Amino acid sequence: MTTGFRIGRLFGIEVRVNPTWFLILFFLTAMLATGFFPSAFPGWSPNSYWAVALVASVLLFVSVLVHEFAHALVARRQGIEVKGVTLFLLGGVASIARDPSSPGREALMAGAGPLASLAIGGSSLALVAFVPLPQLAAAVFLYLAIANIVLAMFNLLPGYPLDGGRILRALLWRVFDDQRRATRGAAWTGVVFGYGFIALGVLQLLGGSGLGGLWLAFIGWFLAQASRQTLAGVDLETRLEGVTAGALAEEPGHWVPPYVTVEHAADTYFAPGEDRCLPVWPQDDERLYDGVVCVDQLQRKPPQAKDLWAVRVRDVMTAADGVVEVTPDTPAAEAARLMSAEGAPAVAVVDGGRLVGIVDRAAIVRRLNVPRRRATGHDESRAAA
């Protein structure tokens, strides 16, 4: 899930704000205070423009939060776990544990967000049209009407991972009866739309539109990158088909004591082998392990630490309650997807109260570099053992 500051829970779903959100909040407020509101409502004082702009910006992000919660609540109604909702630079994202189980459910979940935005936009427009509001309030609701309708229309563009792209994937899934093929088709559409936005943004920049063209090009770049990451994920799933997490997991070469320094751990436990992540010894009999520590974590210094040599493994490890666990029968592609969704460096493979091993990205990369025939034989030998 996208990282950020936790601000609370709503309907039992954790809400976070990514630091990039504050950047766009300032940028949007400045644009509204110096552009939209002075053009639409001339004659106000500078303080009025800035106050209305700030209120409108905050309410727009409340609208984005409603948009994402519409996705999240429909997903939860379908029995899908919702990890949380995060506001970030380009709006928001709802982090869900898995994809819907059918094309119809996919389309329903994807369409919930734009419908929520259209409802907010329509309601705001009705308030402006039929309710005698003070001019400052009318200005805010007019902006909310325009922004939410534009947000809905933009999200309905058939470019994955936009909502419209997910609806397109549902349609392709229904036609071809192949979710992977549908995802690939929708993602390529997203790449095309992304580069189209970049080209349009560059044309606007050349035409003197300034920040508008730059922003459009940035959105296009983000969309193209997200679509390409989706294509890479589909390719990964294809290459890992038939491989389980248990086939990738190997008995840990070492167990790391939690109280040793990170320097000692790096020199003693990681240097001899290829392990990138290792389990940490449990400090009581009730736990399988205390956590997982990876090579990259050993190089980080916690904010409260003065010297790296004084930092212990327990200060930098991922605690056991924060480690993603899978069973040996979990598909390797699913383990990889969980690592990506959770931003985790590894997953723990647990079987009947026993830690089978740690699967990290390096283990997956090694597997992808093994020829298919040889890999299959290796799996069968492990299963027979």
Side-chain angles (χ1 to χ4, degrees), residues 2 17-40 49 53-54 56-68 71 86-94 110-111 113-114 116-118 120-121 124-125 139-140 142-169 185-232:
T2 307
V17 174
N18 189 277
T20 58
W21 177 80
F22 295 99
L23 176 65
I24 191 57
L25 178 65
F26 172 78
F27 178 73
L28 179 60
T29 301
M31 282 204 313
L32 293 177
T34 59
F36 177 79
F37 287 121
S39 298
Y49 285 127
L54 180 60
S57 298
V58 172
L59 288 179
L60 175 60
F61 279 102
V62 171
S63 301
V64 171
L65 198 61
V66 173
H67 178 112
E68 296 303 330
H71 292 307
T86 304
L87 292 176
F88 72 114
L89 181 65
L90 292 178
V93 60
S117 294
L118 286 174
I120 295 173
S124 299
L125 196 59
V140 170
L142 177 62
Y143 172 73
L144 282 180
I146 295 171
N148 276 279
I149 291 171
V150 170
L151 176 66
M153 293 299 101
F154 174 77
N155 272 280
L156 285 173
L157 291 174
Y160 196 90
L162 296 176
D163 297 332
R166 293 184 178 275
I167 293 173
L168 173 62
R169 181 174 77 158
W188 273 116
T189 306
V191 172
V192 171
F193 270 93
Y195 285 119
F197 283 136
I198 292 173
L200 187 58
V202 171
L203 288 175
Q204 288 190 3
L205 279 172
L206 294 176
S209 69
L211 290 176
L214 184 64
W215 182 244
L216 189 60
F218 177 71
I219 291 175
W221 174 84
F222 181 86
L223 177 58
Q225 290 297 112
S227 298
R228 287 196 170 277
Q229 288 178 5
T230 300
L231 288 168

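Predicted model only: the values in this text are computed from it and were never measured. Numbers for residues simply follow the sequence, beginning at 1.
- Residues that satisfy the side-chain contact (heavy atoms from CB on, under 4.5 Å) test with Ala53, not counting sequence neighbours, are Thr29, Leu32, Ala33, Phe37.
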In a table with atom names and distances, give each donor-acceptor pair under 3.5 Å that connects a side chain of residues 142-157 to protein atoms at least two apart or in another chain.
| from | atom 1 | to | atom 2 | distance (Å) |
| --- | --- | --- | --- | --- |
| Asn148 | ND2 | Ser63 | OG | 3.3 |
| Asn148 | ND2 | Leu144 | O | 2.8 |
| Asn155 | ND2 | Leu151 | O | 2.9 |

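- With sequence neighbours excluded, no residue forms a side-chain contact (heavy atoms from CB on, under 4.5 Å) with Val192.
- Of all heavy-atom pairs between Ile167 and Ala110, the closest is CG1-CB, 3.8 Å.
- To the nearest 0.5 Å, the span separating CG on Leu54 from CG on Leu28 amounts to 10.0 Å.
- Using a 30° and 60° split on the angle between ring planes, Phe61 and Trp21 fall in the perpendicular class, above 60°.
- Between Arg169 and Pro158, every side-chain heavy-atom pair lies at or beyond the 4.5 Å cut-off.
- Annotation for Arg166 and Pro161: closest pair NE-O, 3.6 Å, computed over non-hydrogen atoms.
- Screening Val93, Asn18, Leu65, Ile24 against Leu87 for a side chain to side chain contact (heavy atoms under 4.5 Å, CB included) leaves a single residue, Leu65.
- Taking Ser117 as the reference, His67 meet the side-chain hydrogen bond (donor to acceptor under 3.5 Å, both in side chains) condition, with sequence neighbours excluded.
- Shortest non-hydrogen contact noted between Leu205 and Gly213 is CG-C, 4.0 Å.
- Rounded to the nearest 0.5 angstrom, Thr189 OG1 and Leu162 CG are separated by 11.0 Å.
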Report all side-chain donor-acceptor pairs from residues 216-232 shorter than 3.5 Å, counting only partners two or more places apart or in another chain.
| from | atom 1 | to | atom 2 | distance (Å) |
| --- | --- | --- | --- | --- |
| Ser227 | OG | Tyr160 | O | 2.4 |
| Ser227 | OG | Leu223 | O | 3.0 |
| Thr230 | OG1 | Ala226 | O | 3.0 |

